[in-house]
Every structure is written in C-alpha cells, then in structure tokens.
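Within every chain, numbering begins at 1; the chains are lettered A, B, ... in the order of the sequence lines, protein sequences first and strands thereafter.
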There are 2 protein chains.
Amino acid sequence: MPKLWNETIEAHRRAVRDAILSTTAQLAAEHGVRSVTMSQIAEQVGIGRATLYKYFPDVEAILLAWHDRRITEHLEQLAEVRDQADGPGDRLEAVLRAFAHISRQTGAHNGTELGAFLHRDERVVRAQQQLHGMIRDLLAEGAQAGVFRDDVAPDELATYCLHALTAAAALPSEAATDRLVTVTLSGLRNGHSMPDGRGPAGRHEHHHGHHAGHPGH
Amino acid sequence: MPKLWNETIEAHRRAVRDAILSTTAQLAAEHGVRSVTMSQIAEQVGIGRATLYKYFPDVEAILLAWHDRRITEHLEQLAEVRDQADGPGDRLEAVLRAFAHISRQTGAHNGTELGAFLHRDERVVRAQQQLHGMIRDLLAEGAQAGVFRDDVAPDELATYCLHALTAAAALPSEAATDRLVTVTLSGLRNGHSMPDGRGPAGRHEHHHGHHAGHPGH
DNA sequence: TGACATAGTAGACAGTGTGTCTCGTAAAGT
DNA sequence: ACTTTACGAGACACACTGTCTACTATGTCA
C-alpha cells in the first residue's frame, strides 16, 4: 500500500512512521533482531528504500524509536490508572495490576534486557527511570502510611516489583496474572519479621478487594 | 595471539571456541548485538575469518552458544548449592540466594529477553525450563511441608521467583541483593490471608542465618 | 489557479560483510 | 616419516548499506 496518502501531510508522515515501527517490530520478533534489514523493512512497509532513509538512519534507530513509543504509551496508561485510585495502597496495587497485564499482553521487554542489549540509549533509560520513579514514590508514600514494609528502601522494592511482574509475560492466563500480582504484593506488605528479628512488627495490614480493572489495551 | 597452540589438539579447539564466545559476548555488550560481525570477531580473537567459519556458521550461532554455556554453568552451580542444603525451605532459600547473586554478577540475561529476541532456540528454552523445574520442585516440596504458600501453583511461583530475582542485576550491592531475596521469599511464605480471606494461617517458618556463600564465578 | 515546497520513486554507486572455495603451510597424532 | 588436522591468505559472487542523482506526484499557500 504505497498509496496511503492521508488528508494532511503531517498525518501522512505520522502514519508512515508508525507503519515502519510496527513492521520492524514484527520482523524482529519473527526472524530475530539481528536479521532485520532496511531493505526488508522498506519492502514490507511498501515504500522505497531511499524513502525509509528519510525517516530513520538505520535499523537500530527504528528499534529504539519503537521501544520508546511502547514505554511512553505504557507510562501514560499507568499514570492514568494511578490517578483514578485513592490512597497509597490502592494506587500501588492498581498500577502494579495494570503493569502486569500490560507485560502479559506485550511480551514484556519492559524490563531491562532489550534496552540493555540494544545498545544503551539515554532516552530509553530515562523512560525506564520514570516508570521506576512512579512505583518508588507510591511505595514510599505507602511505607510512611504503614501499609508497606519500611525495612527495605522504596527504590529497591520498586526494582523488585517491576522485575517480578514482568513474569506475567510467561503466564498463560489473566487469572494467573492476578495471582502473580497478589504474590508480588505480599512481598511488599508490612508486618513481617526479618531474619535477624529486626523488623517493626507494629502495624497490621488490612486488605480490601480488587477494584481498578486493568486498562484495555 | 594466533599461536595459542595448547598441548593436545582437542584442548586447543576448546580454548579457541571459548575465546570466540567470550570475545563475541564482549563485542555484543560493547557495541550492541546487531553490530557484531564475523569479520570483527575473527580479527579480535586473532584467527582467520575462514577459521571462524569452521567453528560457527554465523554470529547468531555464537551468541546462542554463549548463552547456552552461561545457563549450563549456572545450572550446575545451583544444583550444587541445592544439594548442600537440607530441607525444602533451606534448599529453596539457598538456591534463590545463589541465583540472585549470579544474576547480579552476570547482568541477568537469564530471564527471557535475550533468548526471546535472539530468535527462539530449542536448546536455550530447554535449559531455561530445567532451571524453572528445579525451583518449581523445591517449591512444591516446601508447600507440601507447609513452609510455602499453596494457594498458587508452584509453576507460577517459580516464574515469579526467577523474574523477581533478575532484579538483582540492577542492584548496587551484595547487601541489597540479600534484601531482594528476603522480599521475594516473603512473597512465597505461607500464612498470608488472601484478599478473599481464604488462605491457611497455620504453620510458621523458622529462619537462620545465611550459609552457602554464593559460588565464585 | 499557479508556484513551490514537500514527499515520493527508481536506479546507480562504492564500500563492507557474507559464505564458500582453493591452495600452501605447520603442527599434532601415529 | 607419514598422515591427519588446523590455520591463513586470497579470491569469488552475492547481499545490504548509505548516499546521490534524476524525475514524479501531492499538499500548501499566495
């Protein structure tokens, strides 16, 4: 479909750009990142090779842009979910649940790996840090309220959360994903005695049912 | 060093093969998987390009072999750690702790990502499954003994464990890694009330200090 | 509507990596 | 000493890259 000339010219460029990203991701998933070529992409998208070079300088850049787009989308979704819930505990749970479902649906390259091996790019790292920051802040807030454990830094707990939930990609069902969130959350809860008998055994946890359905993709 | 002719001829081939794997991994980590070339590898290793082709058919195969070697090594290490501990709870904890430290040291492509994007290979998947199986069995054993939660299938808990602990790669210290293991373990413990108020609140867990130092690499 | 900027195409080009040969050399195995 | 095995250098056709030059088609704006 070389003739997808849309209304305005800017909309057209955006459409072509998106098509390039999607096609490249598909080819990469199908034949491996290493084998994707500019020629291949151009042919698959239905544009000339020279045209492709007017959008992106090389395959690396396309994969980077694709990754970037994904993370940005997810960030927006998660921020929305967060703002629809109230209280630190509920917010965190809602966000984590949404993140788990996103991971499951997309295949979870969210973590670190693809970015790590796809040559580290500052933008990607920064987007990753934003996500990490969001979780960390919710955890810190919740720890202050006594809902979450405070014997481990929120920073580290956030890392734990994000990685644990990428496991959703390997799970077979939505129900299993929900169970994963439950397990992950129970690692965060307050009220556990530590190996050395240190931890504050003061507050208690209170539960509440689910809510916050995961965002449709 | 084209002259690394070791004693026996088989030892030599093994040495060259290992050098190829290491060099390739290094180049991939340095410039990105996509940019690694056979010519580059041959030059870096110090052998002729044609010779390299007598060891591996292409870069993909080298990366696969490298990944394979890593996972195999780790499996052996973990099996050893497991057999040095007694009882389901202790064994699982020892294995998880070792796994976390390995993840931290190596950078943790253990998870799924590299393999997933590096074109799925049966061998790699199978090695991955072995690791998963080991954890799952320990969890099942422990659940029967009442040490771990039994409201979630061992299979799913194993997935949770492995992913959660790859977070170690992002942690700054050994101490932080230990804390991560603690948090992860507390997600596995029995005695939590579930959102629906189901779970058994029976037995308790006993702790004791570490042991089984992580295997030196 | 006409002028112009913008987006598109095809084809040519040198440069580089690929995968496969052959040939000559040198060391390991017997 | 004789054979096997491994290596390196060079040559080859082929594919992809990145850039450039025409030439065409469409949207934008006076």
TODO: Select base, sugar-phosphate, or nothing to describe what B:Phe56 touches, counting heavy atoms under 4.0 Å on all strands.
DONE: nothing
TODO: Looking at every strand, decide which applies to B:Arg49 at a 4.0 Å heavy-atom threshold: base, sugar-phosphate, or nothing.
DONE: base
Between [X] and [N], is there a contact of a side-chain N or O with OP1 or OP2 at under 4.0 Å?
X: A:Thr8; N: D:dT26; result: no
X: A:Tyr53; N: C:dG8; result: no
X: A:His12; N: C:dT6; result: no
X: A:Ser39; N: D:dA15; result: no

Open item on the list: Closest approach to the side chain of A:Ile9, judged atom by atom: which nucleotide of C:dG29, C:dT6, C:dT18 is it?
Closed with: C:dT6
Task: Pairwise 5' ranking along DNA chain C for B:Lys54 and B:Asp58, keeping only the more 5' one - done: B:Asp58
Tell me: [atom1] of [X] to [atom2] of [N], nearest whole Å?
X: B:Arg17; N: D:dA6; atom1: CZ; atom2: C1'; result: 17 Å
X: B:Tyr55; N: D:dC7; atom1: OH; atom2: C1'; result: 9 Å
X: B:Gln44; N: C:dG17; atom1: CD; atom2: P; result: 14 Å
X: A:Glu43; N: D:dT17; atom1: CD; atom2: C1'; result: 16 Å

- [ ] With DNA chain D as reference, determine whether A:Glu10 or A:Thr37 sits nearer its 5' end, using the nearest nucleotide of each.
- [x] A:Thr37
TODO: Hey, which sits more toward the 5' end of DNA chain D by its nearest nucleotide, B:Ala50 or B:Arg13?
DONE: B:Arg13
Task: Partner of B:Phe99 under side chain to side chain contact (heavy atoms under 4.5 Å, CB included), chosen from B:Ile135, B:Val181, B:Leu78 - done: B:Leu78
Open item on the list: Are there over 12 heavy-atom neighbours, none belonging to B:Glu43, within less than 6.0 Å of that residue's CD?
Closed with: no
- [ ] Find out whether the Lys NZ or Arg CZ of B:Arg13 is both under 6.0 angstrom from the six-membered ring centre of B:Tyr55 and within 45° of the ring's axis.
- [x] yes
Open item on the list: side chain to side chain donor-acceptor pair (under 3.5 Å) for A:Arg136 and A:Thr159? Distances and angles first, verdict last.
Closed with: CA-CA 8 Å; A:Arg136 184 201 54 212; A:Thr159 304; over 6 Å; no
